[in-house]
Protein chains: 2
Amino acid sequence: MRSTRASESEPPVGTAVRIRDAAIRRFGRDGFSAGLRAVAADAGVTAGLVVHHFGSKDGLRAACDGYVLEFIHSEKMKATTRSVNAIAQLAEVEQYAPYAMYALRSIQAGGELGKVFVDRMAKDAEDYLEAGVQSGMIRPSRDPAARARWLTYQHTGSMLLWMSLHGRAVEVDDFRAELRRMSDEVTLPALELFTDGLFVDRTMLDDYLMYVPDPPAAGQQ
Amino acid sequence: MRSTRASESEPPVGTAVRIRDAAIRRFGRDGFSAGLRAVAADAGVTAGLVVHHFGSKDGLRAACDGYVLEFIHSEKMKATTRSVNAIAQLAEVEQYAPYAMYALRSIQAGGELGKVFVDRMAKDAEDYLEAGVQSGMIRPSRDPAARARWLTYQHTGSMLLWMSLHGRAVEVDDFRAELRRMSDEVTLPALELFTDGLFVDRTMLDDYLMYVPDPPAAGQQ
DNA sequence: GCTGTCATTGAACACTCGTTTAGGCTTTGA
DNA sequence: TCAAAGCCTAAACGAGTGTTCAATGACAGC
């Protein structure tokens with residue numbers, strides 16, 4: 001063990017914090033293919049020091065994951081904020097925007113944080129929808145968990161796609177602006193669909209329910 | 001110009017075809033970070049020969065893009081096949097599955113092919129929806145283009161997200177299996193939403209229409 | 001039969017990456 | 001005051017990358 005507290009659970013302090021924050025920003029901007037030297041330069045240190053503090057690049061990434069994850073689970077993010085479009089909500093707060101970008105990168109890269117983050121959003125969306133159902137604003141579903149998961153995937157996925165295609169989203173401000181542009185374009189069709197649906201008649205749904213009498217078990221996968 | 005027909009428009013022949021096909025498969029499996037030597041080994045040749053034929057790695061990728069793009073635009077893909085879930089449809093045909101994987105990677109990487117592919121899908125979806133509206137099966141929209149684009153982004157994006165999170169989708173068969181698994185999970189909530197919508201009342205939509213009297217111009221961006 | 005052209009190889013180059021190592025500097029504690 | 005410990009840098013290493021280059025072999029046309 002060449003480091004003071006490489007992969008230990010103790011949170012980093014001092015310079016290590018600066019490195020970790022720089023890494024979150026840099027990884028969020030450029031993805032995880034960004035080099036250690038770039039992160040180090042952002043933090044005003046050397047590449048060697050980064051691995052001295054975090055053991056390896058994976059260790060650094062794990063520290064970033066852990067920090068962002070802890071933030072997501074913390075009370076700073078209320079459940080309502082955390083549901084379907086949590087990322088956009090996060091991005092609106094200047095201080096938290098880098099976390100949103102980092103989380104999106106992590107989702108894109110298929111990291112563990114990505115899974116946890118999406119699961120979390122889906123779970124919160126389920127609660128949120130359930131509350132809407134209780135108060136009579138949201139239609140009930142035959143499989144609430146699957147619906148919440150699907151809506152989360154749709155929303156997060158389209159955001160991911162938008163950023164892949166349109167996103168020269170390097171700077172935090174660009175990222176936020178791009179999310180707003182997407183929101184503007186999307187709101188009308190979304191409200192239309194959520195209000196009136198897409199199909200005129202019910203045959204597609206009825207045929208499916210006939211063909212598959214038991215909807216797939218909720219909470220699978 | 002060190003190559004016979006590096007970036008020329010003439011399509012590759014013979015060994016060059018084998019290299020290009022190997023590249024489509026390899027890039028589709030591992031992403032564009034896959035090395036030239038790996039592609040070369042798949043094709044049974046040397047890295048040097050690859051750049052001899054295609055000028056550079058970018059040249060190779062451009063050739064792949066062009067080929068897949070030409071295929072997408074070709075008559076082999078009818079418009080109905082090409083709409084919203086074109087990728088899943090492609091993946092169902094053993095022979096074309098690598099194109100689907102390559103296209104998804106290209107979308108993920110934000111390449112030009114990705115943009116064109118998504119635009120194409122959105123355009124086809126618009127026509128498809130319009131036909132449905134004409135025949136009385138699909139509800140009309142105040143902004144059909146935006147709706148088609150949004151539905152395309154949602155579907156393609158969630159596919160992208162699914163593959164990022166669940167996809168150890170290295171092999172063609174795994175890719176197809178994963179798409180099917182996703183389809184199973186998604187069908188019920190999708191049909192529910194498309195049939196009945198999500199909101200019980202119309203206040204959200206009406207408020208929006210009141211607040212923004214003119215829906216954003218179609219076909220922007 | 002000779003010459004030129006093309007396909008192809010294998011080695012080398014220049015570069016970046018993550019990681020290692022040796023050492024200097026500062027702080028701490030006895 | 002001296003030694004240990006920790007922070008930090010600069011340089012180097014080895015493995016990867018895309019790309020270049022000289023050499024080889026096959027095959028065409030004259």
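In what follows, chains are A, B, ... by sequence order, proteins preceding strands, each numbered from 1. Basis for what follows: all heavy atoms, side chains included, without hydrogens, waters or symmetry-related copies.
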Problem - Aromatic plane relationship, B:W162 with A:Y153 - under 30° parallel, 30 to 60° tilted, over 60° perpendicular - result: tilted
Exercise for the section: Please determine, for the side chain of B:V45, which listed nucleotide (C:dT19, C:dT9, C:dT8) has the closest atom? Expected result: C:dT9
Practice task
Write down the atom of A:I107, the atom of B:L165, and the distance for their closest heavy-atom approach.
Solution key: O-CD2, 3.9 Å
Exercise for the section: Give one of base, sugar-phosphate or nothing for A:A38, where a contact means two heavy atoms less than 4.0 Å apart. Expected result: nothing
Problem - d(CG, A:D30; C1', C:dC17) in whole Å - result: 15 Å
Handout entry: Validation row: A:M101, A:F175 side chains within 4.5 angstrom (heavy atoms)
Key = yes
Exercise for the section: To the nearest Å, give me how far apart CZ (A:R18) and P (D:dC7) are. Expected result: 13 Å
Handout entry: Nearest listed nucleotide, side chain of B:T15, among D:dC7, C:dT9, C:dT8
Key = C:dT8
Exercise for the section: Consider the side chain of A:L36, meaning its heavy atoms from C-beta on, and name the nucleotide among C:dG18, D:dT20, D:dC8 that approaches it most closely. Expected result: C:dG18
Fill in the blank from the handout: By nearest-nucleotide position on DNA chain D, the 5'-leaning member of A:A47 and B:F32 is A:A47
Practice task
Kindly point out which of C:dA7, D:dT9, D:dC7 is positioned nearest to the side chain of B:H53?
Solution key: C:dA7
Practice task
Kindly say if B:H52 contacts the phosphate of C:dA7, meaning a side-chain N or O under 4.0 Å from OP1 or OP2.
Solution key: yes
Problem - Side-chain-base donor-acceptor pair under 3.5 Å for B:R37 and D:dG16 - result: no
Exercise for the section: Check the distance between D:dT17's C1' and B:R61's CZ and give it to me in whole angstrom. Expected result: 16 Å
Problem - Rounded distance in Å - CG (B:L49) to P (C:dC6) - result: 15 Å
Practice task
Report yes or no: do B:Q108 and A:S164 form a side-chain donor-acceptor pair below 3.5 Å?
Solution key: no
Completion exercise
Between B:G35 and A:G48, the residue closer to the 5' end of DNA chain D by nearest nucleotide is A:G48
Exercise for the section: Could you verify whether a donor N or O on one side chain and an acceptor N or O on the other, from A:Y102 and A:D65, lie under 3.5 Å apart? Expected result: yes
Problem - Nearest listed nucleotide, side chain of B:K57, among D:dT20, D:dC8, D:dG18 - result: D:dG18
Exercise for the section: Select base, sugar-phosphate, or nothing to describe what A:A34 touches, counting heavy atoms under 4.0 Å on all strands. Expected result: sugar-phosphate
